[in-house]
Amino acid sequence: MKLIHLVRFSLILTFIVVMLGAYTRLADAGLGCPDWPGCYGHLTVPNEQHEIALAQSLYPSLTVEADKAWLEMIHRYFAGTLGLVVFAISVIAIKTRQLSYLLASSISIVVIFQALLGMWTVTMKLMPIVVMGHLLGGFTLFSLLAITHWKLQANERTDMPPQTSNNNGLRLLAGVTLLVVIGQIALGGWTSSNYAALMCTTLPICQGDWVAYLDFPRAFELIQPKQESYEFGTLDYGARMTIHVTHRFGALLVTLMVTALAYRLWASKAADFRKVSISLLIMLVVQIALGIGNVVLSLPLVVAVAHNLGAAMLLIIVLRTNYLLWQPESLTSTSASLYRKENAHE
């Protein structure tokens with residue numbers, strides 16, 4: 001199997017793992033198995049009478065919920081498979097020198113750290129900073145694998161189009177937009193891990209005198225006081241509402257930045273950039289609709305999971321924009337010619 005095909009498989013697998021992680025978290029199944037990497041001392045969910053008896057002896061205060069436990073274990077099985085695939089990619093890439101050592105090793109390092117975060121998510125009983133870190137780790141791996149795929153695609157090209165003129169203004173806008181999207185994803189993870197998604201049930205902001213409840217110091221205390229469990233959240237209404245409101249304002253900022261970036265890309269007249277511009281706007285509209293749906297429909301599981309996946313896709317499209325801007329050789333010859341002609345008038 002060619003390395004690029006293995007990378008494509010890993011991208012599909014990562015998307016599935018992100019989806020399963022979101023579904024597990026939103027279905028309140030993050031502690032479906034109280035230990036790691038097994039489940040109540042088993043490699044699968046205990047279902048035989050003697051297995052359930054052993055589970056109850058190990059965790060007398062807990063009740064085995066098979067549906068939640070299976071959600072968690074299926075997520076672990078897919079994540080474990082992804083880890084093996086990523087390690088294989090790293091080894092092959094280093095041996096064949098198809099990728100830089102830095103990129104090839106980085107994806108494996110991220111997988112190892114993701115496994116640790118997965119373990120800490122369970123052992124630290126859904127501590128919000130760990131849950132958010134696990135989410136960001138998944139998105140980081142998805143991004144690195146996407147870059148890996150693009151680089152392997154570039155290596156296979158036989159037609160190398162001419163270089164395009166630099167556009168530092170557009171690069172700056174794309175870079176800032178990427179940072180804003182990453183920040184909004186982190187806010188989304190913080191909102192979810194603190195169970196703050198339903199703290200505001202009206203649009204566009206919150207119901208009542210919401211300003212009086214704002215509590216930023218408590219809302220964004222990353223290392224929260226030690227609790228027996230953080231499941232279902234430990235913050236009061238004011239802190240959770242503050243997190244939710246901040247996430248909504250973050251969505252407004254993302255909308256402005258992505259729209260501005262899409263406009264600039266379209267105005268460049270480069271075919272590749274115009275394709276990305278359309279993708280950005282479509283994904284932005286979908287994300288806004290899903291975000292509104294979460295509020296109006298009281299966070300239905302399918303919509304909430306789709307909102308997580310939409311964030312991943314928006315991140316990849318913005319990342320792709322940055323990649324194209326810093327890798328002008330990836331433009332087609334026609335796009336490169338149009339782009340040079342446009343910038344000649346600036």
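Scope of the values below: all heavy atoms of this structure, side chains included, with no hydrogens, waters or symmetry mates.
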Counting only heavy atoms not in [X], do more than 12 fall under 6.0 Å of its [atom1]?
X      : atom1 : result
Tyr101 : OH    : no
Tyr263 : OH    : no
Lys275 : NZ    : no

Check the side chains of [Y] and [X] for a donor-acceptor pair under 3.5 angstrom, ignoring hydrogens and angles.
X      : Y      : value
Arg25  : Asn308 : yes
Gln98  : Thr96  : yes
His244 : Arg240 : no

Check your understanding: With no hydrogens and no angle check, is any side-chain donor or acceptor of Asn322 less than 3.5 Å from a backbone partner on Gly175?
Key -> yes
Review point. In Å and rounded to the nearest 0.5 Å, what is the CG to CG distance from Leu261 to Leu170?
Key: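 Result: 6.5 Å between the selected atoms.
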Check your understanding: In Å, rounded to the nearest 0.5 Å, how long is the span from CD of Gln184 to CD of Gln287?
Key ->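 Answer for the CD-CD pair, Gln184 versus Gln287, is 9.0 Å.
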Point to revise | Name of the residue among Thr24, Val122, Leu43 meeting side-chain contact (heavy atoms from CB on, under 4.5 Å) with Arg76 | key: Val122
Exercise for review: With Ser143 as reference, evaluate Thr14, Leu319, Val110 under the side-chain contact (heavy atoms from CB on, under 4.5 Å) test and give the passing residue.
Suggested key: Leu319
Hydrophobic clustering (ILVMFWY, side-chain heavy atoms < 4.5 Å, transitive) - are [Y] and [X] grouped together?
X      : Y      : value
Leu82  : Ile16  : yes
Val64  : Leu62  : yes
Leu187 : Leu203 : yes

**Study point:** Ring geometry between His247 and His307 (parallel below 30°, tilted from 30 to 60°, perpendicular above 60°)
**Key:**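 Answer is perpendicular, since the angle exceeds 60°.
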Check your understanding: Are any non-hydrogen side-chain atoms of Leu54 and Pro46 less than 4.5 angstrom apart?
Key -> no
